Q: 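I am attaching a structure below and will ask some questions about it afterwards.
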Amino acid sequence: AQTVTQSQPEMSVQEAETVTLSCTYDTSESDYYLFWYKQPPSRQMILVIRQEAYKQQNATENRFSVNFQKAAKSFSLKISDSQLGDAAMYFCAYRSPNTGNQFYFGTGTSLTVIP
Amino acid sequence: SQTIHQWPATLVQPVGSPLSLECTVEGTSNPNLYWYRQAAGRGLQLLFYSVGIGQISSEVPQNLSASRPQDRQFILSSKKLLLSDSGFYLCAWRRGQGDTDTQYFGPGTRLTVL
């Protein structure tokens with residue numbers, strides 16, 4: 001099974017600053033999908049951004065962008081102009097179109113935004 | 001638009017009691033459905049997924065079972081709860097066709113087994 005690793009259990013950032021959350025994954029496949037989900041204190045899982053592995057261009061959603069390094073199997077999330085509402089657990093996830101419907105999640109990074 | 005519901009939102013049950021958590025999706029047909037468990041301070045563990053009525057795949061051997069009696073209904077059950085079943089249970093859905101591959105999550109159920 002694919003594994004997803006988030007090596008930073010906790011991160012903090014000053015409000016209005018930029019922070020990068022790391023994610024690496026292990027796979028032998030060439031085509032797959034990667035996601036970042038946000039889980040605020042309400043526990044609702046919210047999709048932040050997604051990336052198709054066949055696309056070389058990094059995905060961007062407003063203040064959120066990714067640095068997708070396919071050869072290195074790295075998928076980091078950059079949050080620019082951090083806001084208090086960005087404080088949450090962030091989960092990186094992997095999905096393969098070839099191994100059924102499983103999504104594989106990392107163990108999460110808890111982000112604190114300091115006012 | 002599509003919405004996903006879970007109930008109850010919170011549940012406290014004694015060890016050995018039965019469990020039934022329900023998840024329903026509105027606004028779509030033939031979705032893929034998933035049950036995850038999130039233990040305190042940990043990531044998501046996939047428990048079951050379903051690609052259609054009556055079709056259930058299990059990821060890990062456990063004390064729980066799942067059923068899909070209707071296209072947009074997914075039920076997580078147990079005959080006898082264990083202390084280790086405590087956690088936050090999330091239901092998710094994904095479109096079953098096309099390349100729209102994102103999972104969307106319900107609000108979750110917090111289960112405490114005493």
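Quick note on labels: first sequence line is chain A, next is B, and so on, each numbered from 1. Please read all numbers here as calculations on a predicted model, not as lab measurements.
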Q: Can you hop from B/Leu64 to B/Val15 via hydrophobic side chains spaced under 4.5 Å?
A: yes

Q: Do you reckon A/Met11 sits in the same ILVMFWY cluster as A/Leu84, going by side-chain contacts under 4.5 Å, direct or chained?
A: yes

Q: Evaluate the side-chain proximity of A/Arg43 to B/Arg110: yes if any heavy-atom separation is below 4.5 Å, no if none is.
A: yes

Q: With sequence neighbours excluded, what pairs up with B/Gln73 under the side-chain contact (heavy atoms from CB on, under 4.5 Å) test?
A: B/Glu22, B/Thr24, B/Pro69, B/Gln70, B/Ile75

Q: Measure the spacing between CG of B/Leu44 and CE of A/Met89 and express it to the nearest 0.5 Å.
A: 9.5 Å

Q: Looking at the rings of A/Phe105 and B/Tyr36, which for Trp means the six-membered one, are their centres under 6.0 Å apart?
A: yes

Q: Any side-chain heavy atom of B/Gln103 sitting closer than 4.5 Å to one from A/Arg95?
A: no

Q: Check whether B/Leu90 gets within reach of chain A through its side chain, its backbone, both or neither, counting any heavy atom under 4.5 Å.
A: side chain

Q: Could you work out, with side chain to side chain donor-acceptor pair (under 3.5 Å) as the rule, every residue matching A/Gln39, not counting sequence neighbours?
A: B/Gln38

Q: Checking ring-ring contact (aromatic ring centres under 6.0 Å, His included) for the pair B/Phe105/A/Tyr37: CA distance, chi angles, key distance, verdict?
A: CA-CA 10 Å; B/Phe105 287 82; A/Tyr37 281 89; 5.2 Å; yes

Q: Can B/Leu83 be reached from B/Leu47 by stepping across I, L, V, M, F, W or Y side chains whose heavy atoms are under 4.5 Å apart?
A: yes

